[in-house]
Trainee: 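One structure, pasted below without further comment.
Naming convention: chains lettered A, B, ... in sequence-line order (proteins, then strands); numbering from 1 in each chain.
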2 protein chains.
Amino acid sequence: MAKSKPNSKPTMHDVAAAAGVSQATVSLVLNSAGGSRFSDETRRKVKDAVAQLGYRTNAHAKFLRDGLAGMVGFIGDSVATSPFAGAIIEGAQERAWEDGLLLLTMNTGGDKDLEAASLDAMLSYNVAGVVYGSMYHRLLEVPKALAGVPSVVLNSQDRAGHLPSVAPDEVNGGYSATRHLLDAGHTRVGMINIELLESGLPAAVGRYEGYTAALAEAGLDVDPALVRFGRGGEDDGYKYAMELMTAPEQPTAIFCANDRTAWGAYQAVADLRLSIPDDVSIVGFDNQAIVAPHLRPGLTTFELPFIAMGRRAVDLILQGAEPDGRVELMECPLIERKSVTHPKEMP
Amino acid sequence: MAKSKPNSKPTMHDVAAAAGVSQATVSLVLNSAGGSRFSDETRRKVKDAVAQLGYRTNAHAKFLRDGLAGMVGFIGDSVATSPFAGAIIEGAQERAWEDGLLLLTMNTGGDKDLEAASLDAMLSYNVAGVVYGSMYHRLLEVPKALAGVPSVVLNSQDRAGHLPSVAPDEVNGGYSATRHLLDAGHTRVGMINIELLESGLPAAVGRYEGYTAALAEAGLDVDPALVRFGRGGEDDGYKYAMELMTAPEQPTAIFCANDRTAWGAYQAVADLRLSIPDDVSIVGFDNQAIVAPHLRPGLTTFELPFIAMGRRAVDLILQGAEPDGRVELMECPLIERKSVTHPKEMP
DNA sequence: GCGTAGTGGTTATTCGTATTAGTTATTCGT
DNA sequence: ACGAATAACTAATACGAATAACCACTACGC
């Protein structure tokens, strides 16, 4: 009745002994269609023994035996820890769990050695695949060892163009943001963005492209007097919003390429004793949880679809993710708050 | 020479065949003190074969065979994804990796079923232990299944008092924050806190206790006119700072029990056309990355030692973490920025 | 009265690694 | 020159679960 080695966890043999059947019977009852070929009596005995001993299957034995994967690897520079993109891991995990898989995570802080070593460790667990996540959208070089296993670049793109990537649709985001202002009746829509060439950021480039596309569609030209490029901090937001709002021809709306610059813009507008949205409408980007909802008025902005992206990445992995270089762009939903209204009538 | 099953990963037997030695030799060369009992020639052959085949040890086989743990489990309500505490996972992971262990993470969003199921899955991997992390400091109920494995409550405390806990030292934090203001010469130090009884938050209770202790030590009484309790949002910070700064006897410094209320206080002070720190010094708490450094002036605050706590929790697990109910309080370091100075001379 | 089908199990083997206990040569001490 | 020690390596086994193959027995058709 009692376990042979009382200190160690019970095995199937212990359960079998307790139930008075063979180990194979236990396995079949537990796995194979509920052991329909066995008598009710036997099934009951097995289940009782399992419950009584607190038996739990040994995953190592299981996955060794049938070569399947029980986990998905997640390697990130600092995603997990980042206040921006933490949710990315949530989506990945959710999706993995739907297939009964756990997430094996590692953030490397960009350390290539650590990256290689931990990737190695993950591969030795025979993971179903590896998600290579990044804190912000960029073009990155992936470790070579990823070649041997299904893997997906998340919130970034493989510069070499081999691995499939899942990233936010920046162009469409910039388009939608601008369009949102246009639709509210604005015709003088400014933009405070991040340097295009210098930064090379897909977010900056893409959102600007969307901005120009939306203006063009509305029959408007980009007015250089209404556009500023900086480094994306709230100090830039302050400075450029101040410039724009004190220029001879002020915009009636500003699209800030991220919530931080929007925050800076809020401060500038406040210092000018102007009102948002009555004097100027503002749209941000990123839906930064700690900032956007708490500004006054609440900032209308676009959300990076972290959860959806995480889900999709694992999705691709579970489908076998060939290195086909595809780039899946995910839509950034509008989060409407109070910083946008129609323009005042011009006097 | 060639692998028997070309599609599957090479095993030690494949390496052995390629090197013309036995599997045991490969294992011994690879693990046992570098195989010092073997000839140089043999060692070289084995290593060449390993490199050529790209052999990687199968973790499942290894951990099945010797029953050791290769991973540490991390279960959180929403820690991983939270913009506040994401770093907690970083410390845990760092420490685990120092012992060659990976982190198996799951955030459950508070779902008890998911919690139980994923805990079960983790235990079946024979993890060295489980860190049960929480998004914010509170007293929580832990799942029963944790009893069977070394486990530690992180950034919270086991209400039942069984599991060891690692949490921030709120009392000392509140004391240090107040003391920092006192040391700058302030004698009228206000506090904007969260409801004590209603919330039951260790952060609110502890920081307040530290506040009163520091005042007492300086020979000062708590002046109820200088203390406010709310819900911890920036709107409360705004409202109460406004009250305090327009009262007959204004404080020359305010200790805000979190950065969000401090942010609100900043807005109130700005609306009153007063200056931080010249008219009033402000100390926050939490060192919220997206807010504290970007306020103007930068907010002097205290940091929750997430990385250190994460490290310590895994530390305890690797030491075998008995359910001794101990509570380890970790110090919150001062992050000095620009929101504190000495008080103006009274006219 | 014998083959056939079903019922209810069990036995033996496999996965990949680590390790104990040998085995076979070679060298050494006296 | 003979037993002992040493060097260099191998054979066999265990870890825990899954499963293919097999076995014993009953029931049934005709």
Trainee: Over how many whole Å does the gap from B:Arg43 atom CZ to D:dA7 atom C1' extend?
Mentor: 13 Å
Trainee: Got a second to check how far A:Arg138's CZ is from A:Asn155's CG, nearest 0.5 Å?
Mentor: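 Rounded to the nearest 0.5 Å, the CZ-CG separation comes out at 9.5 Å.
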Trainee: Return one dot-bracket line describing DNA chain C 5' to 3' (Watson-Crick or G-U wobble pairs, both distances under 3.5 Å; ( ) same strand, [ ] crossing, | another strand, . none).
Mentor: ||||||||||||||||||||||||||||||
Trainee: So does A:Asp48 pair up with A:Arg44, basic N to acidic O under 4.0 Å?
Mentor: yes
Trainee: Tell me whether the side-chain N/O atoms of A:Thr42 come closer than 4.0 Å to OP1 or OP2 in C:dG9.
Mentor: yes
Trainee: Rounding to a whole Å, what distance do you find between A:Lys62:NZ and D:dC15:P?
Mentor: 20 Å
Trainee: Going by modelled atom types, is there a donor-acceptor pair between the base of C:dG9 and the side chain of A:Arg37 at under 3.5 Å?
Mentor: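 Indeed there is one.
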Trainee: Separation of B:Met12 atom CE from D:dT10 atom P, in whole Å?
Mentor: 14 Å
Trainee: May I ask you to say what B:His13 touches in the nucleic acid, namely base, sugar-phosphate or nothing, with a heavy-atom cut-off under 4.0 Å?
Mentor: base
Trainee: What is the separation between atom CG on B:Asp40 and atom P on D:dA8, rounded to the nearest whole Å?
Mentor: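 Computing the B:Asp40:CG to D:dA8:P distance gives 9 Å.
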Trainee: Quick one: label B:Val26 by what it contacts on the DNA or RNA (base, sugar-phosphate, nothing), any heavy atom closer than 4.0 Å.
Mentor: nothing
Trainee: Please determine if a side-chain N or O atom of A:Ser22 lies less than 4.0 Å away from the OP1 or OP2 oxygen of C:dG9.
Mentor: no
Trainee: Atom CG of B:Asp66 and atom P of C:dG16: how far apart are they, to the nearest Å?
Mentor: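 Roughly 17 Å, once rounded to whole Å.
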Trainee: Do the side chain of A:Arg65 and the base of D:dA18 come within less than 3.5 angstrom through a donor-acceptor pair of N or O atoms?
Mentor: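 Answer yes: a donor N or O sits under 3.5 Å from an acceptor.
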Trainee: Measure from the side chain of A:Asn58, starting at C-beta and using heavy atoms only, and say which of C:dT11, D:dA17, C:dA18 lies closest.
Mentor: D:dA17
Trainee: Rounded to whole angstroms, how far apart are NZ on B:Lys9 and P on C:dC15?
Mentor: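 Result: 16 Å.
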Trainee: Can you say whether the rings of A:Phe63 and B:His60 are parallel (under 30°), tilted (30 to 60°) or perpendicular (over 60°)?
Mentor: tilted
Trainee: Rounded to the nearest angstrom, tell me the gap between atom CG in A:Asp14 and atom P in D:dC15.
Mentor: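 The answer, rounded to whole Å, is 11 Å.
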Trainee: For B:Arg56 and C:dC15, give me the distance from atom CZ to atom C1', rounded to whole Å.
Mentor: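 It is 18 Å, rounded to the nearest whole Å.
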Trainee: Please tell me which of B:Gln23 and A:Lys45 maps to the more 5' nucleotide of DNA chain C, matching each residue to the nucleotide holding its nearest heavy atom.
Mentor: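 Final value for this comparison: A:Lys45.
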Trainee: Can you tell me how far CD of B:Glu115 sits from CD1 of B:Ile75, rounded to the nearest 0.5 angstrom?
Mentor: 6.0 Å
Trainee: Looking at every strand, decide which applies to A:Thr11 at a 4.0 Å heavy-atom threshold: base, sugar-phosphate, or nothing.
Mentor: sugar-phosphate
Trainee: Counting just side-chain N and O atoms, does B:Tyr125 come under 4.0 Å of either OP1 or OP2 of D:dG16?
Mentor: no
Trainee: Where the side chain of A:Thr25 is defined as all heavy atoms beyond and including C-beta, which of C:dG9, D:dA18, D:dT10 is the nearest nucleotide?
Mentor: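 In terms of side-chain proximity for A:Thr25, the closest of C:dG9, D:dA18, D:dT10 is C:dG9.
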Trainee: OP1 or OP2 of C:dG9 less than 4.0 angstrom from a side-chain nitrogen or oxygen of A:Ser39, does that happen here?
Mentor: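 Yes, because at least one side-chain N or O of A:Ser39 sits under 4.0 Å from OP1 or OP2 of C:dG9.
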Trainee: Does any part of the side chain of B:Tyr132, heavy atoms only, come nearer than 4.5 Å to the side chain of B:Val152, both counted from C-beta?
Mentor: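 No, their side chains stay 4.5 Å or more apart.
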